Amino acid sequence: MANFSKSTVPQFSVEVYQNEFLPEGGREVNAIVTVASTGGGTLGGAPLTASAAPSSIPGRAPAAAVVIMVDCSGSMDYPPTKMRNARDATAAAIDTLRDGVSFAVVAGTHIAREVYPGNGRLATADSRTRAQAKEALRKLSAGGGTAIGTWLRLADRLLGAADVPIRHGILLTDGRNEHESPEDLHAALAACAGRFTCDARGVGTDWEVKEVTSIASALLGTADIVADPANLAADFTRMMEHAMGKEVADVALRLWTPVGVEIKFLKQVAPTVEELTSRRTEAGPRAGDYPTGSWGDESRDYHVCVEVPRANVGQEMLAARVSLIVPGPDGGAPQVLSQGLVRAVWTDDMAASTSINPQVAHYTGQAELAQVIQQGLDARKSGDVDGATAKLGRAVQLAAASGNGDTAKLLAKVVDVVDEATGTVRLKAKVAEADEMTLETRSTKTVRVKK
């Protein structure tokens with residue numbers, strides 16, 4: 001069992017990277033906001049509230065709960081080793097749980113069934129309950145259909161009964177969600193959003209990428225493919241280690257803008273591209289909150305784009321204030337962990353006003369890279385060879401220019417690269433399904449800007 005205990009509360013920081021200079025009459029302001037959480041210390045001498053404090057403070061019970069949802073539909077028996085690999089992976093995840101963490105295991109088919117501990121309860125992780133849970137896994141067998149929304153709703157009921165700030169799900173599927181309607185899955189995701197985070201994995205190649213990535217996106221988790229079931233245990237261990245490293249829950253970005261300023265978009269751009277604009281909840285006059293989920297020791301980048309009123313040379317204004325907040329104690333006012341300012345300054349210096357901030361330029365390219373990969377793969381599936389070639393060629397060009405080597409390697413399994421600098425490519429006549437699905441699943445992964 002890994003030990004993730006820390007003796008101090010993480011400290012959060014917000015840094016803003018932008019070119020604040022606009023030409024006379026210029027209106028669009030772009031900024032990259034880097035949010036970092038590092039272990040140790042307190043913010044400004046004031047500790048986080050109990051609701052946001054880490055689970056590993058000495059003398060405090062680990063304040064986390066995890067539900068593992070394992071696909072047990074009939075297709076998990078083809079080949080038979082897949083079900084065995086899923087049992088082994090779940091056992092490895094259970095071994096990674098911290099002592100004191102609440103947990104449960106759910107078997108998912110066209111219904112959801114509690115495997116351990118049962119009776120609507122969560123177990124408390126220790127050597128005895130880990131052994132019991134792993135013994136219960138031996139009884140898992142494949143049979144039935146797939147209705148992922150029912151799995152998520154059961155996980156929500158189990159996690160909702162735990163009086164803890166960190167609630168996390170791990171979901172494994174090997175097939176398409178064929179035994180409930182898309183509307184049922186969307187309704188389940190809407191009901192669970194904001195209540196727990198969830199990492200989703202597709203094993204093999206018979207599942208639908210957009211279904212798995214939509215689950216992770218809605219529930220602020222990660223999505224990935226495990227093409228070879230033999231690699232499940234290692235992947236589940238990494239996922240659980242990551243979940244056990246989470247220390248602060250329900251963190252939100254609050255964006256405040258002055259009168260006359262309009263928000264064009266807010267998106268996460270590292271470590272993955274995630275659109276957040278539509279997830280805004282109002283938080284008072286000209287302020288809105290955007291969910292970011294739970295945090296451990298990590299750093300994420302966000303792209304803020306606002307439109308300001310026209311102004312004359314020499315004028316300047318605050319275009320936006322970005323604050324990182326967590327819920328206050330007992331429903332009180334939210335606690336501000338850190339904040340940064342986005343500015344606008346109008347100038348007649350042409351060099352200053354036309355310069356593009358390197359961070360903004362880099363992440364604009366990374367967002368386009370994710371978009372053209374998806375467009376290219378969709379075109380390829382529909383038989384549009386010219387459209388697929390153009391989009392994937394542009395993706396090769398962007399990946400090379402930004403130094404995104406991992407994505408470049410994945411693209412090279414789908415296209416033959418003639419000239420990466422110009423984006424000249426040829427579609428491969430034969431592409432392994434696992435390679436295409438891996439590119440699609442990981443298309444939103446970005447490379448950090450070199451600052």
Side-chain angles (χ1 to χ4, degrees), residues 68-90 93 105-113 115 137 140-152 155 169-186 188-189 198-219 221-236 239 373-374 376-383 388 410 413-414 428-445:
I68 305 171
M69 294 159 273
V70 185
D71 191 336
C72 292
S73 60
S75 57
M76 287 292 287
D77 245 351
Y78 302 96
T81 52
K82 194 190 294 182
M83 193 73 238
R84 186 179 73 238
N85 290 138
R87 287 193 293 263
D88 291 345
T90 305
V105 180
V106 168
T109 58
H110 52 284
I111 59 173
R113 178 175 60 87
V115 175
L137 292 176
L140 287 184
S141 59
T146 305
I148 295 174
T150 65
W151 314 356
L152 293 167
I170 289 177
L171 185 149
L172 173 71
T173 184
D174 83 321
R176 293 171 174 82
N177 197 46
E178 295 175 332
H179 293 83
E180 68 180 357
S181 69
E183 291 75 20
D184 286 339
L185 177 57
H186 293 158
L189 289 172
C198 185
D199 295 323
R201 294 294 184 269
V203 60
T205 58
D206 293 328
W207 48 280
E208 180 62 47
V209 171
K210 287 182 174 61
E211 283 181 353
V212 169
T213 54
S214 70
I215 292 166
S217 176
L219 302 182
T222 64
D224 207 350
I225 179 175
V226 185
D228 184 349
N231 295 327
L232 273 175
D235 186 77
F236 266 46
M239 268 196 294
I373 288 174
Q374 189 62 63
L377 292 176
D378 287 345
R380 185 179 181 278
K381 291 174 185 175
S382 68
L410 295 177
K413 294 182 178 182
V414 178
K428 287 183 181 291
K430 292 184 177 181
V431 177
E433 192 169 14
D435 289 336
E436 184 175 5
M437 292 178 69
T438 301
L439 175 60
E440 184 176 5
T441 306
R442 299 178 183 173
S443 63
T444 61
K445 292 182 182 294

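Because the structure is a prediction, the values reported are computed rather than measured.
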Here the pair of heavy atoms bringing G74 nearest to A142 is O-CB, 4.1 Å
Mind listing the closest non-hydrogen atom pair of S443 and I373 along with its distance? CB-CG2, 3.6 Å
Looking at [X] and [Y], would you say the former's side chain and the latter's main chain have a donor-acceptor pair under 3.5 Å?
X: R201; Y: V226; answer: no
X: E180; Y: G149; answer: yes
X: S217; Y: T213; answer: no
X: N177; Y: I148; answer: yes

Kindly indicate whether the side chain of [X], heavy atoms from C-beta on, has any atom under 4.5 Å from the side chain of [Y].
X: L185; Y: L152; result: yes
X: V431; Y: K413; result: no
X: Y78; Y: D174; result: no
X: T146; Y: W151; result: yes

Identify every side-chain donor-acceptor pair in residues 106-113 under 3.5 Å, counting partners at least two apart or on other chains, and give the distances.
unit_1 : atom_1 : unit_2 : atom_2 : d
T109   : OG1    : I111   : N      : 3.3
T109   : OG1    : I111   : O      : 3.3
H110   : ND1    : G145   : N      : 3.1

Checking side-chain polar atoms at under 3.5 Å, does D435 have a donor or acceptor matched by the opposite partner on T438? no
CA sep, side-chain torsions, deciding dist, call: T441, V212, side-chain contact (heavy atoms from CB on, under 4.5 Å): CA-CA 9 Å; T441 306; V212 169; 5.8 Å; no
I'd like to know whether NZ of K381 has more than 12 heavy-atom contacts from other residues, nucleotides or ligands below 6.0 angstrom. yes
Electrostatic pair [X]-[Y], nearest N-O below 4.0 angstrom:
X: R380; Y: E440; value: no
X: K82; Y: D71; value: no
X: R176; Y: D206; value: no

Residues that E178 engages under salt bridge (charged side-chain N to carboxylate O under 4.0 Å, His left out), provided they are two or more places apart: none
Go through K210 and D378 one step at a time and tell me if the side-chain contact (heavy atoms from CB on, under 4.5 Å) criterion holds. CA-CA 11 Å; K210 287 182 174 61; D378 287 345; 3.3 Å; yes
